[in-house]
Amino acid sequence: MTGFSKVAVYRQDMPPRGGYSPIPWARVPSRRIPLWPFVSLWFASNIFGYFYHMSEKREYWRNEMEMDESRSCIEPVLLAEQDRIVLRQYRANRDEETKLMKDVPDWEVGTWFGEKVFKSRTYFPDRPHVLDYYGLARPSTQRLDINASQWQI
Amino acid sequence: MSFTHDLKLPSYDELECPVVNVSSPALRAGSFHLAKYCDLQFKEFMLCRQEEQDPRKCVKEGKDVSLCSIDFFRKVRDSCNDTFTTFWTCLDNAREGEMSFNYCKQEQRAFEQCAKDKMNLERPEPGYFSMVRMHDSKRPVPSDPFRLGSTERHPPKLEVPDPPSISQANEYPEARLGMKFGQRKPWMFEAKLWE
């Protein structure tokens, strides 16, 4: 080449003496916790829990039975009182109806102008009906039994 | 409302009876011993009620029931009042508000012990009242328990007119009263029962 008399001095970026240290390329698995303690705990809790649950269920149903039995023991007392109250109310309703409909012509007590509710045979209900009991009451009293199925307000 | 004067209703004097003046937690507290003490009267009343299906025919048995229960609570008050009162107040203030027995076991045991000692009343074992119990009573078997009225299997048919049909609605507006369950537009909200 023409015109080159001097060579420039520069420093090259070379690897260190002895070469680079080796690159770690092997796999490093993560730290793991063992599975067997958890599985065995779960299994043991299952077994223990089964027997505990069975005994608790038995106890629960024993208590439920006791409540039901106490209710059926009390039933005759309440039923007797309810029957008397209801019969008294029926009587009062019938008397009130006679008083109210005394002046209405062709009205017979307990019928719709002579047309009976039960036509072929007489019937007395063993369970009180809302319409029979509250029939002649004021609406605020009727609304007291609002959960009864056939009561329209 | 549908009771005519032909129907026999008991008079006010026949229905006179003292009231069991006991609150509901006290009733629940004494229920087992009460059923043991008044067993006969309870069974008679329930048998009568089930056979006759008529409250008018079981007024006397009902009175026996009420009088016996009043007698029982009087006895409890005379002999076992303290334990009984603690028991039913505990039931009243029980945790879930349902008067359940499993929060008041201690008081229950105390009351049962007192009942056994002083009143000589033992509470039957827990499953006793759930079982079917037989009862033999001197009352005669009712003659017409199913309210047949006549012994004929098919009593004579009465002349009851048929309800009006839907096609007659426009011609006879007064027949709409009989059409309670049949309307022209049953699927619409504006279906009126009567004007």
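Protein chains get the first letters and strands the later ones, always in sequence-line order, with residue 1 at the start of each. Just so it is clear, the model here is predicted, and its values are computed rather than measured.
A donor-acceptor contact shorter than 3.5 Å links the side chain of Glu81(A) to the backbone of Val20(B). Within the 3.5 Å criterion, the main-chain N or O of Tyr12(B) finds no donor-acceptor partner in the side chain of Arg91(A).
In this structure, NE2 on His5(B) lies 4.5 Å from OG1 on Thr98(A), to the nearest 0.5 angstrom. Interatomic distance, CD1 of Ile74(A) versus CG of Leu27(B), reported as 5.0 Å (0.5 Å rounding). In this structure, OH on Tyr123(A) lies 9.0 Å from CG on Asp54(B), to the nearest 0.5 angstrom. Atom CZ of residue Arg28(B) and atom SG of residue Cys73(A) lie 10.5 Å apart, to the nearest 0.5 angstrom. Once rounded to the nearest 0.5 Å, the distance linking OG of Ser2(B) with CH2 of Trp112(A) reads 14.0 Å. Rounding to the nearest 0.5 Å places CG of Asp6(B) at 8.5 Å from CD of Glu108(A).
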Side-chain donor/acceptor pairs under 3.5 Å, residues 48-62 of chain A, sequence neighbours excluded:
unit_1	atom_1	unit_2	atom_2	d
Ser55(A)	OG	Phe51(A)	O	3.4
Ser55(A)	OG	Tyr52(A)	O	2.8
Glu59(A)	OE1	Arg62(A)	NH1	3.0

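Annotation: Lys36(B), atom NZ; neighbour count of heavy atoms from other residues, nucleotides and ligands within 6.0 Å is above 12. In Asn120(B), the CG atom is not crowded: 12 or fewer heavy atoms of neighbouring residues, nucleotides or ligands sit closer than 6.0 Å. Under a cut-off of 6.0 angstrom, the local environment of NZ in Lys105(B) is crowded, with over 12 non-hydrogen atoms contributed by other residues, nucleotides or ligands. More than 12 non-hydrogen atoms from other residues, nucleotides or ligands lie less than 6.0 angstrom from CG of Asp78(B). With a 6.0 Å radius and a threshold of 12 heavy atoms from other residues, nucleotides or ligands, Phe38(A) has its CZ atom at or below the threshold.
Both tests hold for Arg56(B) against Phe124(A): distance to the six-membered ring centre under 6.0 Å, angle to the ring axis within 45°.
The hydrophobic cluster containing Leu78(A) also contains Leu91(B), counting ILVMFWY residues as joined when their side-chain heavy atoms lie under 4.5 angstrom apart, directly or transitively. Cluster membership check: Ile70(B) shares its hydrophobic cluster with Met119(B), using side-chain heavy-atom separations under 4.5 Å among Ile, Leu, Val, Met, Phe, Trp and Tyr. Following chains of ILVMFWY side-chain contacts shorter than 4.5 Å, one cannot reach Val65(B) starting from Leu87(A), and the two form parts of different hydrophobic clusters. One hydrophobic cluster, built from ILVMFWY side chains closer than 4.5 Å, cannot hold both Leu47(B) and Phe45(B); they sit in different ones. Linking Ile, Leu, Val, Met, Phe, Trp and Tyr residues whenever their side-chain heavy atoms come within less than 4.5 Å places Ile47(A) and Trp42(A) in a single cluster.
Residues Asn63(A) and Ser100(B) fail the side-chain proximity criterion, which asks for heavy atoms closer than 4.5 Å. Within the 4.5 Å cutoff, the side chain of Phe3(B) has heavy atoms near those of the Pro125(A) side chain. Looking at heavy atoms from C-beta onward, Met46(B) lies in side-chain contact with Glu75(A) at the 4.5 angstrom threshold. Counting heavy atoms from C-beta on, the side chains of Thr4(B) and Val109(A) never come closer than 4.5 Å.
Interface remark: Ser11(B) contributes backbone and side-chain atoms alike to the contact with chain A (heavy atom separation under 4.5 Å). Contacts of Glu44(B) with chain A are absent, with no heavy-atom separation under 4.5 Å from either backbone or side chain. Contacts of Gln41(B) with chain A are absent, with no heavy-atom separation under 4.5 Å from either backbone or side chain. If you measure heavy-atom distances from Ile85(A) to chain B, you find no contacts under 4.5 Å at all. Using a 4.5 Å cut-off between heavy atoms, Val77(A) contacts chain B through both its backbone and its side chain.
The candidate from Ser69(B), Ala35(B), Cys17(B) with the greatest count of non-hydrogen atom pairs under 4.5 Å with chain A is Cys17(B). Between chain A and the residues Leu34(B), Leu7(B), Leu9(B), the largest count of heavy-atom pairs under 4.5 Å involves Leu9(B). For chain B, the option among Ala80(A), Pro76(A), Pro128(A) with the highest count of heavy-atom pairs below 4.5 Å is Pro76(A). Of the residues considered (Cys58(B), Gly62(B), Ser31(B)), Ser31(B) shows the highest number of contacts with chain A, using heavy-atom pairs under 4.5 Å.
Annotation: disulfide (SG to SG under 2.5 Å) contacts of Cys80(B) (sequence neighbours excluded): Cys114(B). Looking at residues two or more places apart in sequence or on another chain, you find a ring-ring contact (aromatic ring centres under 6.0 Å, His included) between Tyr37(B) and Phe72(B).
Residues of residues 64-72 of chain A that come within less than 4.5 angstrom of chain B, heavy atom to heavy atom, are Met65(A), Glu66(A), Met67(A), Glu69(A), Ser70(A) in numerical order.
With hydrogens and angles left out, the side-chain atoms of Ser66(B) and Arg84(A) include a donor and acceptor closer than 3.5 Å.
Of the charged side-chain nitrogens involved, at least one lies within less than 4.0 Å of a carboxylate oxygen, so that Arg49(B) and Asp83(A) count as a salt-bridged pair.
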